[in-house]
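Worth saying up front: this structure is predicted, and the values here are computed from it rather than measured. Whatever order the structure lists them in is the order used to number ligands and atoms, beginning at 1.
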Amino acid sequence: MNKKIYFTPGPSELYPTVAQHMQTALEEKVASISHRSQQFKEIYAKAEAGLRELLQLPSNYEVLFMSSANEIWERAIQNTVEHESFHLVNGSFSKRFYQVAGELGKKATKYEAPFSQGFNVESIEVPASAELVALIHNETSSGASLPVADINKFRDKVSADTLLFVDAVSALPIPAFNYDKVDSVYFSVQKCFGLPAGLGVWLLNDRCVAKAEALKEKGLSLGSYHSIPAALSKAKANQTVETPNVLNIYLLGKVLEDMLQKGIETIRAEAAQKAETIYTYLAESKVFSPAVENPAHQSQTTIVANTTIAASEINKLLAPFDKAVGSGYGDYKEKQIRIASFPAHSVEQVEALVEKLREVVG
Ligand SMILES: *Cc1c(COP(=O)(O)O)cnc(C)c1O
């Protein structure tokens, strides 16, 4: 039996209740029921209602289930951009969304900040012609975060019709977004929801839907089965176009119920406490230093540290104690470690990790 605790930034630890919910799902044969059945519609409705309640989603927002955040990037461009998108880039994930827009034949422009740095929002000018602006709340590759207060400044920087998209893949449900200040927020469940990978959740408002319909009206292609109008018409009936990841939608509804019971304020307070424990240690360590220097831009959920000992060595030292941290991303594979602090990681587990690192690494 693998007893390791994964502080890796996705996939990561499963939320503590998932094993029990999976057992129940098997007993109820959730993975065998028809995705057109009443039972599935109830599973779907429960997950959607849980999301709306936990995130305090305004009623002009729709919820669509996709396969991943990568898919949402592609669908976002296909459905809401005719000519041009603009991207804030400061790491691998934000860069990938920018590239996807180019690969789909759009004019993609960017404002780029160095890896490990946040953005000075005041100095960013958004082209008036940008139809979609891609913001990233938590750049998982570098641990740089764009605070909600900075995200909220963009509405005044963009044209009236511009859609503001926020990548919150490795952050939700921790940040309390002002959903009226943006148009779409998306995430995948293998990060902060502590679920197996293979489900992306796309929150989008009526302005995104209207844009997709306007492009369709013009005779443009929005893609096929997961165009916004196609997906939405099924979503309204608590269904999906394709045979979906029924098991994961079921588990999401269950975990949302657990999170609601725990309370979002408690989950957020614990996230702040765990991040503080980790950053305090990093500041004292002889081996590590926080990769993101400006405290205002330091992620609470994926904490990245420069390391003078190779990341693979750190994990060798941790292995006998059944703990693993993430390696650095891409070129930083050995030069940095990434520590996920998701709702699935308890305060006690984070404290135990820090204690062990102090002991074996210093
Ligand atoms: C993990 C991640 C993605 C990609 O998610 P997938 O579900 O693998 O498509 C995108 N953006 C950020 C910030 C991520 O952390």
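Residues forming a salt bridge (charged side-chain N to carboxylate O under 4.0 Å, His left out) with Glu103 (at least two apart in sequence, or on another chain): Arg96.
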Give the table of side-chain donor-acceptor pairs shorter than 3.5 Å for residues 285-292, with sequence neighbours excluded, one pair per line with atom names and distance.
from   : atom 1 : to     : atom 2 : distance (Å)
Ser285 : OG     : Val287 : N      : 3.0
Ser285 : OG     : Phe288 : N      : 3.0
Ser285 : OG     : Gly362 : O      : 2.9

Side-chain donor/acceptor pairs under 3.5 Å, residues 185-199, sequence neighbours excluded:
from   : atom 1 : to    : atom 2 : distance (Å)
Tyr186 : OH     : Trp73 : NE1    : 2.9

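Ligand 1 is surrounded by Ser68, Ala69, Asn70, Trp73, Phe93, Ile136, Asn138, Thr140, Asp167, Val169, Ser170, Ser188, Gln190, Lys191, each with at least one heavy atom closer than 4.0 Å.
Of the candidates Phe119, Phe165, Phe97, His87 forms a ring pair (Phe, Tyr, Trp, His ring centres under 6.0 Å) with just one, namely Phe97.
For the pair Lys356 and Glu359, the salt-bridge criterion is met [side-chain N within less than 4.0 Å of a carboxylate O].
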Test log, rule salt bridge (Lys or Arg N to Asp or Glu O under 4.0 Å), inputs Glu213 and Lys216 | CA-CA 5 Å; Glu213 275 161 2; Lys216 189 178 174 190; over 6 Å; no

